[in-house]
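Here's the structure we're looking at; comments come further down.
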Amino acid sequence: MSGRKAVFNQTTLIDTTPLPADIPAVTEIGASSAPLLSASFFIGARCKPYNDDFMQCKTENPGKGEVECLKEGRRVTRCARSVGRLKRRWQGSRDRARKGGRGPEERRHSYKEVFTDWAYTDRLDDVNKHCLAEFRKHWTCLDNNNQQLWQCRAQEWKLNKCVFDNLKLEKVIPDTPAGETPIHLRTRQTYSHHNSGP
Amino acid sequence: MPQDLPPVGGYEPVQYKRNLPARGFRPSVLLMGVAGIMAFGFYKVGKGIREQNELAREKMWSRIHLIPLLTAEEDRDLVRRHLADQAREKELLGSASSPYNSDRFVRPTYAITPSQKSN
């Protein structure tokens with residue numbers, strides 16, 4: 001129990017008091033897990049100095065980092081937001097209807113119910129600006145495939161190419177064994193349910 | 001009366017061994033075949049494990065890249081609640097007093113809930 005994280009975000013535990021005015025406000029990233037996972041390596045590529053700064057601050061202020069590292073934390077969030085400011089509504093239902101599958105009416109209804117407006121604003125500015133279609137396809141695929149990256153390589157390659165062409169951010173997995181194709185570039189994904197193609 | 005005697009030249013040998021045709025491959029060939037199948041299987045398993053390791057590495061690093069972002073957001077939220085708590089305490093008691101004999105930030109275990117459910 002002592003290791004339990006106190007994360008108070010249940011409906012009954014809402015405290016709406018804002019931060020004091022002397023602490024600068026920052027808009028939160030506001031993206032759900034799939035867009036974040038999809039953009040994580042680009043966030044890592046661009047924001048490494050800020051991320052390292054923040055983590056160093058947290059290490060140097062054990063037990064007080066939450067208060068001491070607010071400034072570094074704001075920088076981290078601002079940087080991550082800069083990667084990918086377009087607010088878009090969830091438009092997956094239309095794509096689904098085109099693709100077939102379950103009835104479009106049923107789909108549209110369920111999505112409208114589940115996803116509120118703010119939940120699907122994928123606020124990752126630059127990615128949204130240049131590669132919105134690819135980005136959305138990739139994280140929708142991740143959402144539909146239990147967030148397993150190996151199921152969505154085709155979409156990922158398109159996204160990576162677009163991001164590299166426009167933003168010069170590259171996905172690099174550190175510590176990959178030398179002389180091997182990095183896992184995200186392999187054409188053959190053993191564990192994929194479907195052939196992702198070349 | 002002459003007694004029964006064995007026939008001239010003795011009895012024929014009694015056939016007590018089974019006399020079935022030997023079906024299938026020779027044992028040595030079978031053994032080699034099984035060994036071959038096993039080797040192929042283990043080779044594939046090994047490849048699969050290597051691939052899983054790489055997939056795990058990818059997942060881990062994607063998380064590592066996100067951790068500062070998520071931690072920063074959570075910390076801001078915790079500090080916001082902490083400061084609001086202190087302000088509330090000051091308003092109610094006239095002074096903010098920490099129950100802890102240290103200046104460390106302690107993650108709150110309990111939270112004040114509003115009397116009615118908010119939307």
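We name chains A, B, ... by the order of the sequence lines, and we start the count at 1 in each one.
Atom CZ of residue R80(B) and atom OG1 of residue T17(A) lie 6.5 Å apart, to the nearest 0.5 angstrom. One finds the CZ atom of R81(A) at 10.5 Å from the CG atom of L69(B) (value rounded to the nearest 0.5 Å). For the atom pair D75(B) CG and E68(A) CD, the distance stands at 11.5 Å (nearest 0.5 Å). In this structure, CZ on R57(B) lies 12.5 Å from NE2 on H184(A), to the nearest 0.5 angstrom.
Looking only at heavy-atom pairs under 4.5 Å with chain B, the residue among G63(A), C69(A), P182(A), G65(A) that has the most is G63(A). Ranked by heavy-atom pairs shorter than 4.5 Å toward chain B, the options G73(A), A39(A), C47(A) are led by G73(A).
Residues V163(A) and L142(A) do not share a hydrophobic cluster, defined by chaining ILVMFWY side chains whose heavy atoms lie under 4.5 Å apart. Connection of L78(B) to V106(B) is not established within any shared hydrophobic cluster, with ILVMFWY side chains joined at heavy-atom distances below 4.5 Å, either directly or through further cluster members. Connection of I183(A) to M60(B) is established within a shared hydrophobic cluster, with ILVMFWY side chains joined at heavy-atom distances below 4.5 Å, either directly or through further cluster members. When the side chains of ILVMFWY residues are joined at heavy-atom separations under 4.5 Å, either directly or via intervening members, L70(A) and V26(A) end up in two distinct hydrophobic clusters.
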Using salt bridge (charged side-chain N to carboxylate O under 4.0 Å, His left out), reason through R153(A) and E58(B) one step at a time and then give a plain yes or no. CA-CA 13 Å; R153(A) 292 299 180 198; E58(B) 184 187 25; 2.8 Å; yes
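Residues from residues 34-56 of chain B that place a non-hydrogen atom less than 4.5 Å from a non-hydrogen atom of chain A comprise G48(B), I49(B), E51(B), Q52(B), E54(B), L55(B), given in numerical order. For a heavy-atom cut-off of 4.5 Å, chain B lies close to K171(A), I173(A), P174(A), D175(A), T176(A), P177(A), E180(A) in residues 170-180 of chain A.
I67(B) and M55(A) get closest at one heavy-atom pair: CG2-CE, 3.8 Å. Looking at every heavy atom in both residues, T77(A) comes nearest to A72(B) through OG1-CB, 4.1 Å.
Heavy-atom distances place the backbone of P18(A), and not its side chain, under 4.5 Å from chain B. Neither the backbone nor the side chain of S102(B) comes within less than 4.5 Å of any heavy atom in chain A. Heavy atoms of L149(A) lying under 4.5 Å from chain B belong exclusively to its side chain. Only the side chain of I43(A) comes within contact range of chain B, with heavy atoms under 4.5 Å apart. Looking at L66(B), the atoms closer than 4.5 Å to chain A (heavy atoms on both sides) all sit in the side chain, from C-beta outward. For chain B, the nearby part of F54(A) is the side chain; its heavy atoms alone come within less than 4.5 Å.
L37(A) has its side chain out of reach of K59(B): every pair of non-hydrogen atoms, C-beta onward, lies at least 4.5 Å apart. No side-chain heavy atom of E28(A) sits under 4.5 Å from any side-chain heavy atom of D77(B). Side-chain contact check for R76(B) versus R74(A): some heavy-atom pair is nearer than 4.5 Å. Residues P20(A) and L83(B) have side chains in contact (heavy-atom distance under 4.5 Å, counting atoms from C-beta outward). For the pair L36(A) and L70(B), the minimum side-chain heavy-atom distance is below 4.5 Å.
When the shell of 6.0 Å around CZ of F25(B) is examined, it contains 12 or fewer heavy atoms from other residues, nucleotides or ligands. When the shell of 6.0 Å around CZ of F105(B) is examined, it contains more than 12 heavy atoms from other residues, nucleotides or ligands. Within a 6.0 Å sphere centred on CG of D4(B), other residues, nucleotides and ligands contribute 12 heavy atoms or fewer.
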